[in-house]
Amino acid sequence: MEELEKDPRISQKIKRFRNKQAQMKHIFTEPDEDLFNPDYVEVDRILEVAHTKDSDTGEEVTHYLVKWCSLPYEESTWELEEDVDPGKIKEFEFLQIPLEIKAMERPASESWQKLGKSRDYKNNNELREYQLEGMNWLLFNWYNRKNCILADEMGLGKTIQSITFLSEIYLMGLPGPFLIIAPLSTITNWEREFRTWTEMNAIVYHGSQISRQMIQQYEMVYRDAQGSPLPGLFKFHVVITTFEMILADCPELKKIHWGRWKDILTHGRFKWHLNEKDMEMICRALLVYCVKHYKGDEKIKSFIWDLITPTKDGQNQALQNHSGLSAPVPRGRKGKKTKNQMLLPEIKNADWLTSCNPEIVLHDDSYKKHLKQHCNKVLLRVRMLYYLKAEVLGEAADKAFEGTPASELDFLLPEIDYVEIPVDWWNAEADKSLLIGVFKHGYERYNAMRADPALCFLEKVGMPDEKLLCAEQGVSDGVQDAAEREHGQ
């Protein structure tokens with residue numbers, strides 16, 4: 001017991017142990033009653049502050065947007081100042097001041113010095129002797145520009161050694177940002193240990209689309225008075241996420257300069273092992289399959305074939321069949337047919353098909369059957385997204401993916417013949433947000449567009465129903481959706 005009492009983290013460990021005991025007791029003895037988690041009323045982080053005036057007294061009232069422990073960002077609520085932990089308010093106010101940080105180069109290898117003893121980290125934590133040795137080894141390799149793997153038995157503190165290694169770099173004046181990619185089951189432990197051992201601001205990037213959009217809006221960057229992101233000024237020092245999130249949210253995370261983004265995609269050994277080439281191959285195979293079974297307009301087939309045919313130099317080619325695609329096209333089996341349906345003789349002579357033959361790449365027969373039934377929808381959506389980028393958005397397309405608000409994007413809206421407007425407030429700004437929303441989120445993803453803070457709908461009508469948004473995400477066609485987005489862009 002004396003040895004345990006010396007450990008400054010023992011109280012938190014005992015608390016977690018007792019919580020787990022209580023939960024297990026509830027599972028086996030009280031199945032009909034909900035066990036309330038006390039974390040739900042404990043402030044995790046403060047995301048925003050709002051100052052208003054009381055309508056009766058005229059006095060200023062301050063509210064804070066609070067994220068609660070063990071609850072996702074989408075469950076955050078506005079609370080009165082007197083109901084919020086003052087310590088968390090101080091943490092929030094400290095983070096609102098952008099610090100001017102001079103860029104520093106990594107020190108020369110010869111300047112490395114072994115640390116003889118552990119420094120006193122936050123909460124008076126210290127590294128054990130073997131942990132100090134591991135952290136010294138990580139620093140040595142970092143100084144010498146060498147990649148390395150810290151391998152040790154479970155429970156000996158590899159997470160803590162890695163965190164203190166980053167803390168040492170941070171204390172040198174190199175504030176990051178640092179990227180931690182970990183299995184889903186461990187990311188909360190990573191966040192907890194960062195808070196226990198360091199003063200670094202670590203955020204977990206995970207959760208539903210609404211939660212991730214809130215993280216992007218409140219946690220990632222500083223903004224000016226108009227709400228536009230200040231380039232290069234990040235609120236966080238560390239992002240903790242999973243490899244699945246890296247694949248799913250490339251547009252959001254990729255714009256942050258991590259230094260070796262392609263290496264992250266290529267060498268990650270997680271649940272999925274898909275790099276950019278893999279995704280390109282899958283998308284090509286999927287669209288080749290759709291072209292073979294499409295019964296509609298021949299111009300669409302020719303256009304899609306030109307789109308997916310790689311050039312010798314790997315660059316985008318000028319599409320010969322793009323002209324006239326702004327005109328309406330008959331859908332599905334009602335499309336224009338010729339006596340000899342296009343058999344695409346080029347397929348037989350396309351050497352590149354050996355690496356993305358749909359009969360080899362697409363293994364699931366039920367999925368191929370589903371794809372065959374909906375191939376017209378896939379191809380027409382790809383054509384629509386390409387037209388939207390090439391003929392409507394232009395340069396604004398890339399800025400839209402970077403998070404620039406729709407109101408700040410400049411492009412010429414096509415002439416619209418209004419039969420009726422959806423609601424009274426609908427105007428040109430709504431048209432612009434709708435076009436950008438379709439390009440960013442996909443066809444008919446209206447709830448995702450409504451939840452996007454860069455579009456006008458969130459301000460006009462508020463957040464969509466969570467169940468509707470989750471249902472919309474759940475019915476996505478997976479790789480099929482990726483193919484539409486990949487080639488539409």
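- Note: Phe178 and His237 fail the aromatic proximity criterion, with ring centroids not under 6.0 Å apart.
- For Asn201 and Arg195, the side-chain atoms include no donor-acceptor pair closer than 3.5 Å.
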side-chain contact (heavy atoms from CB on, under 4.5 Å) assessment of Leu80 paired with Val61
CA-CA 8 Å; Leu80 288 168; Val61 180; 3.6 Å; yes
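- Closest approach of Tyr205 to Met245, counting heavy atoms only: O-CG, 3.7 Å.
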Any chance you could lay out the side chain to side chain donor-acceptor pair (under 3.5 Å) test for Asn447 and Arg450, step after step, and finish with the verdict?
CA-CA 5 Å; Asn447 290 296; Arg450 181 172 161 181; 5.1 Å; no
Val378 and Leu286: side-chain contact (heavy atoms from CB on, under 4.5 Å), yes or no, with the steps?
CA-CA 10 Å; Val378 175; Leu286 190 151; 4.3 Å; yes
Under the side chain to side chain donor-acceptor pair (under 3.5 Å) rule, what do Thr159 and Glu193 come out as? Steps first, then yes or no, please.
CA-CA 8 Å; Thr159 301; Glu193 297 295 5; over 6 Å; no
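- When ring centroids are compared, Tyr386 and Phe303 come within the 6.0 Å threshold.
- Taking 4.0 Å as the cut-off between side-chain N and carboxylate O, Glu444 and Arg381 count as a salt-bridged pair.
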Applying side chain to side chain donor-acceptor pair (under 3.5 Å), run through Ser228 and Glu408 and close with a yes or a no.
CA-CA 9 Å; Ser228 299; Glu408 297 179 15; 2.6 Å; yes
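- The environment of Glu82 atom CD is dense: over 12 non-hydrogen atoms of other residues, nucleotides or ligands sit within 6.0 angstrom.
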side-chain contact (heavy atoms from CB on, under 4.5 Å), that's the test. Do Trp190 and Val238 meet it? Break it down for me.
CA-CA 10 Å; Trp190 274 94; Val238 180; over 6 Å; no
Please report the C-alpha distance between Phe439 and Leu393 in whole Å, then the side-chain angles of each, then the deciding distance to 0.1 Å, and finally whether the side-chain contact (heavy atoms from CB on, under 4.5 Å) criterion is met.
CA-CA 9 Å; Phe439 184 69; Leu393 299 180; 3.7 Å; yes
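- Here the CD1-CE distance, from Ile360 to Met281, works out to 10.0 Å after rounding to the nearest 0.5 Å.
- Two residues are said to be in side-chain contact when any heavy atoms from C-beta on lie closer than 4.5 Å; Glu93 and Ile46 fail this criterion.
- In this structure, the side chain of Lys460 does not engage the main chain of Trp425 through any donor-acceptor pair within 3.5 Å.
- Ion pairing between a basic and an acidic side chain is recognised when a charged N comes within 4.0 Å of a carboxylate O; Glu359 and Lys368 show such pairing.
- Nearest approach of Pro358 to Ala285, heavy atoms of both residues: CB-O, 3.4 Å.
- Note: Arg45 CZ to Tyr218 OH = 14.0 Å, rounded to the nearest 0.5 Å.
- Between Ile210 and Met463 there is a side-chain heavy-atom pair separated by less than 4.5 Å.
- With contacts defined as side-chain heavy-atom distances shorter than 4.5 Å, the pair Leu385/Val438 qualifies.
- Looking only at distances, no side-chain donor or acceptor of Thr241 sits under 3.5 Å from a matching main-chain atom of Ile181.
- Residue Glu59 places its CD atom among 12 or fewer non-hydrogen atoms of other residues, nucleotides or ligands, all under 6.0 Å distant.
- In this structure, Lys122 places its NZ atom where more than 12 heavy-atom neighbours from other residues, nucleotides or ligands lie under 6.0 Å away.
- Taking CZ of Phe243 as the start and CG of Leu184 as the end, the distance is 15.0 Å to the nearest 0.5 Å.
- The 12-atom threshold is not exceeded at CG of Asp410, counting heavy atoms of other residues, nucleotides or ligands nearer than 6.0 Å.
- A pairwise comparison of heavy atoms in Lys432 and Leu409 identifies NZ-O, 2.8 Å as the closest pair.
- Note on Arg445 versus Asp452: no salt bridge recorded, every NZ/NE/NH1/NH2 to OD/OE distance being 4.0 Å or above.
- Classified by interplanar angle (parallel below 30°, tilted 30° to 60°, perpendicular above 60°), the ring pair Tyr64/Phe92 is perpendicular.
- The pair Glu395-Lys399 does not meet the salt-bridge criterion, since no charged nitrogen lies less than 4.0 angstrom from a carboxylate oxygen.
- Looking only at distances, no side-chain donor or acceptor of Ser167 sits under 3.5 Å from a matching main-chain atom of Ile163.
- Just one residue in the list Glu219, Arg212, Gln213 forms a side-chain contact (heavy atoms from CB on, under 4.5 Å) with Tyr73, and that residue is Glu219.
- Across all their heavy atoms, Ser76 and Leu65 have their closest contact at CB-CD1, 4.0 Å.
- Closest of all the heavy-atom pairs between Ser433 and Cys456 is OG-N, 3.1 Å.
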Does the side chain to side chain donor-acceptor pair (under 3.5 Å) test come out yes or no for Thr77 and Trp68, once each step is laid out?
CA-CA 8 Å; Thr77 57; Trp68 304 98; 2.9 Å; yes
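- Side chain to side chain, Glu74 and Ser208 meet the donor-acceptor criterion of an N or O pair below 3.5 Å.
- The cationic atom of Lys440 (NZ for Lys, CZ for Arg) does not lie both less than 6.0 Å from the six-membered ring centre of Phe401 and within 45° of the ring axis.
- Judged by distance alone, the side chain of Arg223 and the main-chain N or O of Gln217 form a donor-acceptor pair under 3.5 Å.
- Taking CG from Asp83 and NE2 from His63, the interatomic distance works out to 9.0 Å, rounded to the nearest 0.5 Å.
- Two residues are said to be in side-chain contact when any heavy atoms from C-beta on lie closer than 4.5 Å; Ile180 and Leu166 meet this criterion.
- When every heavy atom of Met220 is checked against every heavy atom of Val239, the shortest pair comes out as CE-CG2, 4.4 Å.
- In this structure, CG on Leu371 lies 10.0 Å from NZ on Lys377, to the nearest 0.5 angstrom.
- In this structure, Leu307 and Val382 have side chains that are in contact, with non-hydrogen atoms separated by less than 4.5 Å.
- At distances below 3.5 Å, at least one donor-acceptor pair connects side-chain atoms of Thr198 with backbone N or O atoms of Phe194.
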